[in-house]
Protein chains: 2
Amino acid sequence: MSAHPAESEALLTPSEVATLFRVDPKTVTRWAKAGKLSSIRTLGGHRRYRESEVRELLNGVPQPREGKA
Amino acid sequence: MSAHPAESEALLTPSEVATLFRVDPKTVTRWAKAGKLSSIRTLGGHRRYRESEVRELLNGVPQPREGKA
DNA sequence: TATCATTCGGGTAATTTGGGCC
DNA sequence: ACTGTCCAAATTACCCGAATGA
């Protein structure tokens with residue numbers, strides 16, 4: 001094993017996020033495109049999502065985005 | 001500034017890079033073969049990757065425009 | 001020298017992407 | 001406006017045996 005602590009944020013695949021929210025992976029992709037969910041891209045173009053962000057959204061943390069101007 | 005030629009760049013193993021991107025180590029190998037990621041070979045043929053390059057790719061250096069134009 | 005996890009290779013399923021439509 | 005489904009193409013994941021690394 002490597003002793004290199006390449007610390008980083010845990011990432012989730014589209015299907016994993018979709019399972020957590022009980023929606024289609026396609027819907028998760030739409031959230032990412034809409035900027036509602038930040039995503040990291042693999043070198044092949046596939047999306048990865050931050051586990052911490054997904055968890056907070058799942059926990060129902062009130063996110064200040066409904067600000068109707 | 002060091003008196004030594006500090007050409008020693010921190011290197012990462014395939015599994016470490018794979019963990020950072022949340023992909024299979026085989027996928028990282030594929031990226032190297034495709035020239036998307038520069039690799040250094042051990043004398044036995046195993047690949048090592050530059051940590052600095054990997055981190056820049058993770059943060060998104062040349063990020064494909066995802067937003068709508 | 002021996003042991004064990006990892007990384008070679010290839011080959012084949014499964015997933016993801018993107019656009020369009022309901 | 002939002003989600004689910006269909007399609008084709010691209011990317012990624014898991015399978016094996018053999019070699020390398022520590």
Side-chain angles (χ1 to χ4, degrees):
Chain A
M1 281 191 267
S2 311
H4 289 253
E7 67 206 61
S8 154
E9 183 77 36
L11 301 178
L12 298 176
T13 63
S15 63
E16 288 174 337
V17 178
T19 299
L20 290 172
F21 278 99
R22 281 217 166 274
V23 294
D24 240 56
K26 190 86 167 185
T27 300
V28 180
T29 299
R30 289 196 178 105
W31 293 345
K33 284 185 179 178
K36 296 180 178 179
L37 186 62
S38 59
S39 63
I40 293 176
R41 295 278 205 152
T42 67
L43 299 191
H46 285 201
R47 295 182 182 85
R48 296 284 115 101
Y49 304 94
R50 300 184 183 280
E51 183 180 24
S52 58
E53 183 177 3
V54 171
R55 285 196 187 284
E56 293 205 355
L57 291 171
L58 279 172
N59 285 335
V61 172
Q63 185 113 19
R65 74 153 50 70
E66 191 54 46
K68 187 176 182 6
Chain B
M1 29 168 101
S2 53
H4 283 281
E7 318 302 350
S8 300
E9 171 72 47
L11 299 179
L12 299 177
T13 64
S15 63
E16 288 173 336
V17 178
T19 299
L20 290 173
F21 278 96
R22 187 55 169 88
V23 294
D24 196 85
K26 234 34 173 317
T27 299
V28 180
T29 299
R30 219 174 281 115
W31 294 344
K33 286 184 180 177
K36 297 178 179 177
L37 182 63
S38 57
S39 62
I40 297 173
R41 294 276 205 153
T42 66
L43 299 186
H46 286 198
R47 295 182 180 84
R48 296 285 117 94
Y49 305 93
R50 300 185 180 281
E51 182 178 19
S52 58
E53 182 179 5
V54 171
R55 294 217 175 269
E56 294 213 349
L57 288 172
L58 266 175
N59 287 331
V61 181
Q63 217 167 37
R65 282 295 168 265
E66 181 177 323
K68 44 172 174 247

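Owing to the predicted nature of the structure, the values given are computational and were not obtained by experimental measurement. Keep in mind that the numbers below use all heavy atoms, side chains included, and drop hydrogens, waters and symmetry copies. In what follows, chains are A, B, ... by sequence order, proteins preceding strands, each numbered from 1.
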Can you tell whether the side chains of B/R22 and A/E16 come within less than 4.0 Å, N to carboxylate O?
yes

Indicate, with a heavy-atom threshold strictly under 4.0 Å, whether B/R47 touches base, sugar-phosphate, or nothing.
sugar-phosphate

Rounded to the Å, how far apart are [X] [atom1] and [N] [atom2]?
{"X": "A/L37", "N": "C/dT16", "atom1": "CG", "atom2": "P", "value": "14 Å"}
{"X": "B/K33", "N": "C/dG11", "atom1": "NZ", "atom2": "C1'", "value": "12 Å"}
{"X": "B/R22", "N": "C/dT16", "atom1": "CZ", "atom2": "P", "value": "10 Å"}
{"X": "B/L43", "N": "C/dC8", "atom1": "CG", "atom2": "P", "value": "14 Å"}
{"X": "B/L12", "N": "C/dT7", "atom1": "CG", "atom2": "P", "value": "11 Å"}
{"X": "A/L11", "N": "C/dT16", "atom1": "CG", "atom2": "C1'", "value": "16 Å"}
{"X": "A/R48", "N": "C/dT17", "atom1": "CZ", "atom2": "P", "value": "8 Å"}

N/O donor-acceptor pair, side chain A/R30 with base D/dG4, under 3.5 angstrom
yes

Check whether the side chain of B/K26 and the base of C/dG9 form a donor-acceptor pair under 3.5 Å.
yes

Closest to the B/D24 side chain: C/dT15, D/dA13, D/dG4?
D/dA13

Among C/dG9, D/dA13, C/dT6, find the nucleotide with the atom closest to the side chain of B/R41.
C/dG9

Any side-chain N or O of A/T13 under 4.0 Å from OP1/OP2 of C/dT15?
no

What does C/dC21 pair with, Watson-Crick or G-U, if both distances are under 3.5 Å?
D/dG4

Pick the nucleotide of DNA chain C nearest each of B/H46 and A/S15; which residue has the one closer to the 5' end?
B/H46

Here the pair of heavy atoms bringing A/R41 nearest to B/F21 is O-CE2, 4.0 Å

Heavy-atom closest pair, residues B/P25 and B/S15
CG-CA, 4.2 Å

Could you give the distance from CD (B/E56) to CZ (B/R50), rounded to the nearest 0.5 Å?
12.0 Å

Quick one, A/L20 with A/V54, criterion side-chain contact (heavy atoms from CB on, under 4.5 Å). Give me CA distance, side-chain angles, the key distance, then yes/no.
CA-CA 9 Å; A/L20 290 172; A/V54 171; 4.0 Å; yes

